[in-house]
Chemist: 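To start, I am sharing the structure in question, which I have written as structure tokens.
Treat the numbers as computed from the prediction; the structure is a model and nothing was measured.
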Amino acid sequence: MFGHTKKVRYAVVGGGQISQQAFMPGVAQTDNSEMTALVTGDPVKADKLAKLYGIKAWSYADYGALLESGEIDAVYVATPNFLHLHYAVPALEAGIHVLLEKPMASSVAEAEQILAAQQKSGAKLMIAYRLHHEPGTVDLITRARAGAFGELRSFSSVFAQNVAEANSRGHNGYWGGPVPDMGTYPLNAVRNLFGQEPIAVHAIGTKTAGRGFNFDDTVAVTLRFPDDRIAQFTVSYATASSEYFELVGTEASVHANPAFMFGPKVGISYVERTEEGSKCRSFDPVEQFGNETQYFSNCILNDLHPEADGEEGLFDMRVLAAIERSLESGETVALEPATRSRHVQPDQALKLKPAKQPSEDEMISIIPQSA
């Protein structure tokens, strides 16, 4: 479509921690993507980040003008979740491709609107499931679905951290809290490992005394899948950091740790245990944000349909919404049976070298996530 020298030009929408720490440094590791714009409401960020990266800063008020400017091909949307709809839909309607941070939106109705806008315009939409391009994760998904661990029976996971109440994630209700923010990782992992969609959800939550969150800050979720498979995960904003998952089949169990995080020194690794003993498989750190950008740009340049599309995002959203209903009612919530149309493929794993990440002190005008 464009020949090999063409690079997809991205605008970064939202200059918060994830953009500054990970996405913006990661783009330089690709060979098919570049940043040409930043959209931010903070004049200090606008000035400093635009200078640092040699790009043009736009205010949110000028977003419509940016979409029409001819200066960008795609946007990376990393605003708080409740603003995703507001920036994804106009971009898609303008024919601009959208790489959208997960979770896709802050309600199923919003996610459906975003997907409808994509289907109408034909611009591409990818939800930023960076682990779909991480070699260890792709290896695990591929092997699990090929029967390497026998018949899969259960999955359990913990993903927890200590989040500052002052951060945007600390006071924006359920959809800004730990279930959509962190729970999306174990949820997406088990959906991909099982290759199935859950059929029932039950959740219980607690609020830690003395913490000022306006939602349950620690939540335990149980999912029932077809073929008598079950999954459980616990997420928290009010504890020490923890992340792992355990996948159990009839012939092997797998313990993955680290399982969900990113960074220049974070390589996903897992231990596989069978009757014969244990084997550790570890994978070198990769540039996870650069990987997903490289993959999405390749889809744009070669007119391919990205695997982690709006349907993938929506399938997580409907479970997140069911968890919210279960927390409110105390009941188990049934989900309509569903089948996905795409699966993670082995060739999605990419191995770009990690970019250097700025520390929290080096980032500009952020309220750090960590308490």
Side-chain angles (χ1 to χ4, degrees), residues 1-14 18-19 23-24 26-27 30-39 55-56 58 60-130 132-133 289-317 340-342 345 348:
M1 179 179 173
F2 292 118
H4 289 302
T5 52
K6 176 77 179 174
K7 288 189 177 185
V8 175
R9 300 167 301 165
Y10 284 82
V12 174
V13 184
I18 202 75
S19 292
F23 183 83
M24 296 176 80
V27 174
T30 71
D31 63 12
N32 62 3
S33 317
E34 62 187 1
M35 279 184 300
T36 52
L38 167 70
V39 183
I55 58 179
K56 194 162 152 187
W58 299 67
Y60 284 111
D62 293 330
Y63 186 61
L66 168 66
L67 296 176
E68 302 296 333
S69 69
E71 293 176 22
I72 60 165
D73 308 301
V75 291
Y76 167 67
V77 178
T79 61
N81 305 335
F82 63 89
L83 293 170
H84 283 186
L85 176 80
H86 192 64
Y87 295 106
V89 168
L92 292 164
E93 287 175 343
I96 299 291
H97 308 291
V98 176
L99 178 57
L100 178 61
E101 262 307 337
K102 58 204 170 301
M104 190 170 172
S106 56
S107 72
V108 169
E110 287 182 358
E112 286 172 339
Q113 274 180 265
I114 294 169
L115 183 54
Q118 183 273 319
Q119 288 169 337
K120 190 173 174 196
S121 90
K124 296 189 189 301
L125 168 67
M126 184 168 112
I127 314 303
Y129 291 105
R130 53 185 165 74
H132 288 213
H133 311 287
F289 287 77
N291 277 356
E292 70 182 354
T293 310
Q294 176 90 14
Y295 173 87
F296 187 48
S297 293
N298 185 57
C299 290
I300 293 167
L301 293 168
N302 296 297
D303 196 21
L304 304 169
H305 188 102
E307 173 270 323
D309 59 7
E311 177 192 74
E312 174 72 345
L314 183 58
F315 276 3
D316 274 345
M317 287 293 301
R340 61 198 297 163
S341 52
R342 285 181 178 77
Q345 299 303 314
Q348 284 176 221

Chemist: Does any N or O in the side chain of T36 come within less than 3.5 Å of the main-chain N or O of I72, such that one atom is a donor and the other an acceptor?
Modeler: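 Not confirmed, T36 side chain does not pair with I72 backbone.
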Chemist: So, using side-chain contact (heavy atoms from CB on, under 4.5 Å) as the criterion, who are the partners of L83 when residues are at least two apart?
Modeler: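 L83 satisfies side-chain contact (heavy atoms from CB on, under 4.5 Å) with T79, P80, Y87 only.
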Chemist: Under the ring pair (Phe, Tyr, Trp, His ring centres under 6.0 Å) definition, can you give me all pairs with a residue in residues 292-314, not counting sequence neighbours?
Modeler: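 Matches after skipping sequence neighbours: H133-Y295.
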Chemist: Between the main-chain N or O of L92 and the side-chain N or O of K124, is there a donor-acceptor pair closer than 3.5 Å?
Modeler: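 It does not hold such a pair.
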Chemist: Return the set of residues passing side chain to side chain donor-acceptor pair (under 3.5 Å) with Q345 (not counting sequence neighbours), or none when no residue passes.
Modeler: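 Q345: no side chain to side chain donor-acceptor pair (under 3.5 Å) contacts found.
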Chemist: Run through V98, V13, V77 and flag the one making a side-chain contact (heavy atoms from CB on, under 4.5 Å) with H84.
Modeler: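 In the set V98, V13, V77, the residue that makes a side-chain contact (heavy atoms from CB on, under 4.5 Å) with H84 is V77.
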Chemist: Using modelled atom types and a 3.5 Å cut-off, is there a donor and acceptor pairing between side-chain atoms of T30 and backbone atoms of V27?
Modeler: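 Judged by distance alone, yes, a pair lies under 3.5 Å.
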Chemist: Could you tell me whether R340 and E311 make a salt bridge, using a distance below 4.0 angstrom between a side-chain N and a carboxylate O?
Modeler: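 Between E311 and R340 there is no salt bridge, as every charged N stays at least 4.0 Å from the carboxylate O atoms.
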Chemist: Does E110 reach the main-chain N or O of S106 with its side chain, forming a donor-acceptor pair under 3.5 Å?
Modeler: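 A pair under 3.5 Å: yes.
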Chemist: Return the set of residues passing ring-ring contact (aromatic ring centres under 6.0 Å, His included) with F23 (not counting sequence neighbours), or none when no residue passes.
Modeler: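 Once residues adjacent in sequence are excluded, the partners of F23 under the ring-ring contact (aromatic ring centres under 6.0 Å, His included) criterion are Y76.
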Chemist: For M24 and M35, run side-chain contact (heavy atoms from CB on, under 4.5 Å): C-alpha distance rounded to whole Å, both residues' side-chain angles, the deciding distance at 0.1 Å, then the answer.
Modeler: CA-CA 8 Å; M24 296 176 80; M35 279 184 300; 3.7 Å; yes
Chemist: Apply side-chain contact (heavy atoms from CB on, under 4.5 Å) to A308 and list each qualifying residue two or more places apart in sequence or on a separate chain.
Modeler: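 Applying side-chain contact (heavy atoms from CB on, under 4.5 Å) to A308 gives M126, Y129, H132, E312.
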Chemist: Excluding sequence neighbours, so at least two apart, what forms side-chain contact (heavy atoms from CB on, under 4.5 Å) with Q119?
Modeler: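 Scan of Q119 (side-chain contact (heavy atoms from CB on, under 4.5 Å), adjacent residues dropped) gives L115.
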Chemist: Would you confirm whether R9, through its side chain, and G70, through its main-chain N or O, come within 3.5 Å as a donor-acceptor pair?
Modeler: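 Judged by distance alone, yes, a pair lies under 3.5 Å.
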